[in-house]
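Lettering of chains follows the sequences in order, A, B, ..., and the numbering in each one begins at 1. These figures come from a predicted structure and were not determined experimentally. Because only heavy atoms are used, hydrogens play no part in the values below, and waters and symmetry mates are left out as well, while side chains stay in.
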Amino acid sequence: DSGVTQTPKHLITATGQRVTLRCSPRSGDLSVYWYQQSLDQGLQFLIQYYNGEERAKGNILERFSAQQFPDLHSELNLSSLELGDSALYFCASSVDQGPYEQYFGPGTRLTVT
Amino acid sequence: AQSVTQLGSHVSVSEGALVLLRCNYSSSVPPYLFWYVQYPNQGLQLLLKYTSAATLVKGINGFEAEFKKSETSFHLTKPSAHMSDAAEYFCAVISFGNEKLTFGTGTRLTIIP
């Protein structure tokens with residue numbers, strides 16, 4: 001158990017819908033990262049937050065957005081969903097900014113039908 | 001830019017045999033390197049990390065990796081494979097100023113009884 005929690009574990013929804021994925025980092029960790037894992041793209045970095053502020057952006061679509069709240073939990077919002085958005089979405093956390101090890105949650109498996 | 005290349009998307013070894021999973025990196029600045037393991041339907045678990053303190057890094061579950069700057073490699077080894085080692089293994093790199101994990105494409109390790 002990494003200490004990072006993600007909900008829900010599974011999500012099945014239809015094209016065009018909007019979903020919210022939730023992540024709680026390890027106690028004391030200030031940085032939160034979101035990654036997408038799919039068969040064709042592998043593991044891709046989406047976005048990073050540090051202590052409530054956006055720190056870095058990766059291959060995140062404009063239909064996707066995220067935020068980190070004062071209690072440091074984070075949410076990833078995916079809208080206008082397409083079949084190709086079906087993937088595993090991981091949240092990870094690290095103690096600070098910088099090249100520290102990241103601890104991953106169990107992931108949310110999103111299926112868009 | 002930083003990247004990692006994992007040679008061999010599938011590796012099979014007999015139980016008790018040496019495990020060798022290959023990873024080569026590319027980074028314009030000193031890299032921080034990681035190996036993660038992913039068991040079926042689970043998140044990523046950190047096996048070990050290289051952060052320039054020592055070139056031979058020992059991790060969990062009997063795994064170790066050696067950083068070789070001259071070869072830009074960070075191969076993962078385990079002297080004696082166990083059935084429980086069957087999983088997918090990812091090499092990843094971070095550098096200062098670019099704190100997202102950049103992952104390789106992964107190597108699926110199969111253990112033959």
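Minimum interatomic distance between A:F90 and B:Q42 (heavy atoms only, all atoms of both residues): CZ-O, 3.9 Å. The two residues A:F45 and B:K100 come nearest to each other via the heavy atoms CD2-CD, 3.3 Å.
Rounding to the nearest 0.5 Å places OG1 of B:T51 at 8.0 Å from CD of A:E101. Rounding to the nearest 0.5 angstrom, the gap separating the CD1 atom in B:I94 from the CD atom in A:Q102 is 4.5 Å. Atom-to-atom distance recorded for B:T102:OG1 and A:Q44:CD is 9.0 Å, nearest 0.5 angstrom. Separation of atoms OH (A:Y100) and CZ (B:F34) is listed at 11.0 Å; rounding is to 0.5 Å. In this structure, A:L43 CG and B:L101 CG are separated by 9.0 Å, a value rounded to the nearest 0.5 Å.
In this structure, B:Y89 is not a member of the same hydrophobic cluster as B:L20, with clusters built from ILVMFWY side-chain heavy atoms closer than 4.5 Å. Following chains of ILVMFWY side-chain contacts shorter than 4.5 Å, one cannot reach A:L30 starting from A:V4, and the two form parts of different hydrophobic clusters. Both A:L61 and A:L46 belong to a common hydrophobic cluster when Ile, Leu, Val, Met, Phe, Trp and Tyr are linked at side-chain heavy-atom distances under 4.5 angstrom. When the side chains of ILVMFWY residues are joined at heavy-atom separations under 4.5 Å, either directly or via intervening members, B:Y50 and B:V37 end up in a single hydrophobic cluster.
Using a 4.5 Å cut-off between heavy atoms, B:L46 contacts chain A through its side chain alone, with no backbone atom that close. At a 4.5 Å heavy-atom cutoff, the contact between A:Y35 and chain B is made by side-chain atoms alone. For B:Q45, no part sits under 4.5 Å from any heavy atom of chain A, backbone or side chain.
Annotation: B:N41, atom CG; neighbour count of heavy atoms from other residues, nucleotides and ligands within 6.0 Å does not exceed 12. At most 12 non-hydrogen atoms from other residues, nucleotides or ligands lie less than 6.0 angstrom from CG of A:L39. Within a 6.0 Å sphere centred on CZ of B:R22, heavy atoms belonging to other residues, nucleotides or ligands number 12 at most.
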